[in-house]
Amino acid sequence: MCSNVVVGLPSPPNLNGTLSSPTPTNTSQNAKDGDNLVMNHTGVGGGYKWRLVIAYDGTRYAGWQYQSSPPTIQCFVEKVLMQATKLERKDLSLVGASRTDKGVHAWGQVAHFVTPFNYDSIDSIHAALNGLLPSDIRVREISPAVPEFHARFSAKSKIYHYKVYNDTFMDPFQRDYAYHSAHKLNPAVMREAAKYFIGKHDFSAFANASQKERVRDPVKNIFRFDVIEMGALLQLEVEGSGFLYRQVRNMVSLLLQIGREALPPYVVPMILATRDRRELAKYAMFAPPHGLSLATVKYNEEHLRLPSGCSTTSFGRHYTIGSCKLPFY
């Protein structure tokens, strides 16, 4: 029996042959932060947990986090999950790894949800989800998850990319996914400045206030911050243990000023030391959201292992045309 079992869900109805019902349980506890509590790998319980890897073009959405109007990515993903599983939103308990902001894109957003039934094969629900979603949102992967996995709280690190198109005019094919800088940028001094962000720091000076966010620890660990040249395109790649609200875009905005050689690289530690967002505002402006994308969310191997007895990861189906059997003349 599949061991990706979580507690706190009702027994499922008798569904078609691609689904199987878990053994019911009388365990009842309160769930935390919208997630169902989990139990040990006993193979019994009230439901099953599933991991999604989602890509989206964030241009026309108000970010990831659920709200009914204007629409968000989570809103659409939950809607199609409800259609495909016949479950209510509260029963799915969908949680995303990153609350990407309005206009921000993703290639590797990770989310999890739960069902009171098991899928013997998940290729069909994978195809159904992508068939129901709008064309600018796609589920890249779907897999069974161990009960301990949590899309947000199990994350070990996140990697964001910010693209800057540095030429006299904007490439029209890049306009929705890269920020245009007509000012000639110096990648060498940007790399020098980016090194000051690496390590564990209090990033209060680079965080915008948000009423939606809880009070969070402002100390974050940045593992790397690379400035990669790809012709006219500069890709700024940052990996960290976590990020404060708009932290990545605020770091990028300062690097852009340094790249224009309007500021020296050593201004980075000076602003970090103030722990005051108003200090950054004296030097740097606004980096728009469309240049930013969530590339990858990393987890420890034990959180990504497939539960025993479960279906394998679905990466989608390839369709083929059968050979035409015509006689030779």
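Residues take their numbers from the sequence shown, with the count starting at 1. Keep in mind that this is a model prediction, so the values were computed, not measured.
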Identify whether Leu233 and Ile228 are in the same connected component of the hydrophobic contact network (ILVMFWY, side-chain heavy atoms under 4.5 Å). yes
Would you check if there is a donor-acceptor pair between the side chains of Thr59 and Asp176 at a distance under 3.5 Å? no
Between His126 and Ser314, which heavy-atom pair has the shortest distance, and what is it? ND1-OG, 2.7 Å
For Val53 and Gln109, run side chain to side chain contact (heavy atoms under 4.5 Å, CB included): C-alpha distance rounded to whole Å, both residues' side-chain angles, the deciding distance at 0.1 Å, then the answer. CA-CA 6 Å; Val53 180; Gln109 172 72 283; over 6 Å; no
Do other residues, nucleotides or ligands put more than 12 heavy atoms under 6.0 Å from Phe173 CZ? no
Nearest heavy-atom approach of His303 to Val146 is O-CG2, 3.9 Å
Minimum side-chain heavy-atom gap His290-His105 below 4.5 Å: yes
Do we see a donor-acceptor contact under 3.5 Å between the side chains of Trp64 and Ser98? no
Is there a side-chain contact between Val238 and Ile159 in this structure, where contact means two heavy atoms from C-beta onward sitting under 4.5 Å apart? no
Heavy-atom distance under 4.5 Å between the side chains of Val252 and Leu255, does that happen here? no
What one should report as the nearest heavy-atom pair of Ile54 and Ala111 is CD1-CB, 4.2 Å
Partner set under side-chain hydrogen bond (donor to acceptor under 3.5 Å, both in side chains) for Asp226, not counting sequence neighbours: Arg224
Checking Lys158 side chain against Ala155 main chain: does a donor-acceptor pair fall under 3.5 Å? no
Are Phe197 and Phe223 co-members of a hydrophobic cluster defined by side-chain heavy atoms under 4.5 Å apart? no
Please answer: with hydrophobic residues joined when any side-chain heavy atoms are less than 4.5 Å apart, are Val219 and Val268 in the same cluster? no
Is Lys220 salt-bridged to Asp202, cutoff N-O under 4.0 Å? no
Approximate separation, where rounding is to 0.5 Å, of Phe315 CZ and His318 NE2: 11.0 Å
Could you check Tyr245 against Asp101 for side chain to side chain contact (heavy atoms under 4.5 Å, CB included), going step by step and ending with a plain yes or no? CA-CA 9 Å; Tyr245 182 56; Asp101 205 4; 3.7 Å; yes
Drop me the distance from Lys298's NZ to Leu304's CG, to the nearest 0.5 angstrom. 12.0 Å
Ignoring hydrogens and geometry, is there a side-chain-to-backbone donor-acceptor pair from Gln67 to Pro70 under 3.5 Å? yes
Atom CD of Glu302 with >12 non-hydrogen neighbours under 6.0 angstrom: yes
Any non-hydrogen side-chain atom of Pro144 less than 4.5 Å from a side-chain atom of Pro307? yes
Arg246 and Ser253: side chain donor to acceptor below 3.5 Å: no
Can a donor-acceptor pair be found, under 3.5 Å and without considering hydrogens, that links the side chain of Lys200 to the backbone of Ile222? no
Is there a chain of hydrophobic side chains (I, L, V, M, F, W, Y, each step under 4.5 Å between heavy atoms) that links Met270 to Leu272? yes
Side chains of residues 179-195: which donor-acceptor pairs under 3.5 Å do they make with residues two or more places apart or in other chains?
| from | atom 1 | to | atom 2 | distance (Å) |
| --- | --- | --- | --- | --- |
| Tyr179 | OH | Arg260 | NH2 | 3.1 |
| His180 | NE2 | Asp167 | O | 2.8 |
| Ser181 | OG | His183 | O | 3.2 |
| Asn186 | OD1 | Ala188 | N | 3.0 |
| Asn186 | OD1 | Val189 | N | 3.4 |
| Asn186 | ND2 | Glu261 | OE2 | 2.7 |
| Arg191 | NE | Val227 | O | 2.9 |
| Arg191 | NH2 | Val227 | O | 3.2 |
| Arg191 | NH2 | Glu229 | OE2 | 2.8 |

Cluster link Met170 to Met230, ILVMFWY, side chain under 4.5 Å: yes
Please lay out, stage by stage, how Leu52 and His112 fare under the test side chain to side chain contact (heavy atoms under 4.5 Å, CB included). CA-CA 6 Å; Leu52 302 172; His112 76 257; over 6 Å; no
Is a donor on one side and an acceptor on the other found under 3.5 Å between the side chain of Ser154 and the backbone of Ala151? no
Taking atom types as modelled, find out whether Glu239 and Ser157 have a side-chain donor-acceptor pair closer than 3.5 angstrom. yes
Return the NZ to OG1 distance between Lys282 and Thr274, rounded to the nearest 0.5 Å. 8.0 Å
Quick one, Phe206 with Leu280, criterion side chain to side chain contact (heavy atoms under 4.5 Å, CB included). Give me CA distance, side-chain angles, the key distance, then yes/no. CA-CA 7 Å; Phe206 289 85; Leu280 176 65; 3.7 Å; yes
Can you find a pair of side-chain heavy atoms, one from Leu292 and one from Arg249, that are under 4.5 Å apart? yes
Using the rule given for ring-ring contact (aromatic ring centres under 6.0 Å, His included), can you reason through Tyr119 versus Tyr48, listing the C-alpha separation, both sets of side-chain angles and the distance that settles it, and then say yes or no? CA-CA 9 Å; Tyr119 285 95; Tyr48 296 81; 9.3 Å; no
Heavy-atom nearest pair, Ser143 first then Leu306, reads CB-CD2, 4.1 Å
Cut-off 3.5 Å, side chains only: do Gln235 and Glu237 have a donor facing an acceptor? yes
pair Tyr56-Val139: side-chain heavy atoms closer than 4.5 Å: no
Measure the spacing between CG of Asn130 and OG of Ser135 and express it to the nearest 0.5 Å. 11.0 Å
Does Arg89 qualify as a cation-pi partner of Tyr66, given the criterion of NZ or CZ under 6.0 Å from the six-membered ring centre and within 45 degrees of its axis? yes
Please check if the side chain of His201 supplies one atom and the backbone of Phe203 the other of a donor-acceptor pair under 3.5 Å. no
Using 30° and 60° as the class limits, which term best fits the ring planes of Tyr61 and Phe76: parallel, tilted or perpendicular? perpendicular
Is it the case that atom CZ in Arg275 sees more than 12 heavy atoms from other parts of the structure closer than 6.0 Å? no
Can you check whether Leu87 reaches Met82 side chain to side chain, under 4.5 Å on heavy atoms? no
Name the one of Tyr196, Tyr160, Tyr162, Phe243 that satisfies side chain to side chain contact (heavy atoms under 4.5 Å, CB included) with Met251? Phe243
Which pair of non-hydrogen atoms, one from Gln257 and one from Ala284, has the smallest distance, and what is that distance? CG-CA, 4.1 Å
Heavy-atom check, side chain of Tyr177 versus side chain of Asp57, under 4.5 Å: yes
So is Arg140 actually on top of Trp107's ring, under 6.0 Å and inside 45° of the axis? yes
Has the side chain of Ser293 got a donor or acceptor atom that lies under 3.5 Å from a matching backbone atom of Ala295? no
What is the minimum heavy-atom distance between Pro134 and Arg60, and which atoms define it? CB-NH2, 3.5 Å
Under the 3.5 angstrom rule, does the side chain of Ser93 hit a backbone N or O of Lys90 as a donor-acceptor pair? yes
Could you tell me the separation between the CG atom of Asn208 and the CG atom of Leu244, rounded to the nearest 0.5 Å? 10.0 Å
Is there a donor-acceptor pair closer than 3.5 Å between any side-chain N or O of Gln74 and the backbone N or O of Gly96? no
Would you compute the distance between atom SG of Cys310 and atom CG of Asn118 and round it to the nearest 0.5 angstrom? 5.5 Å
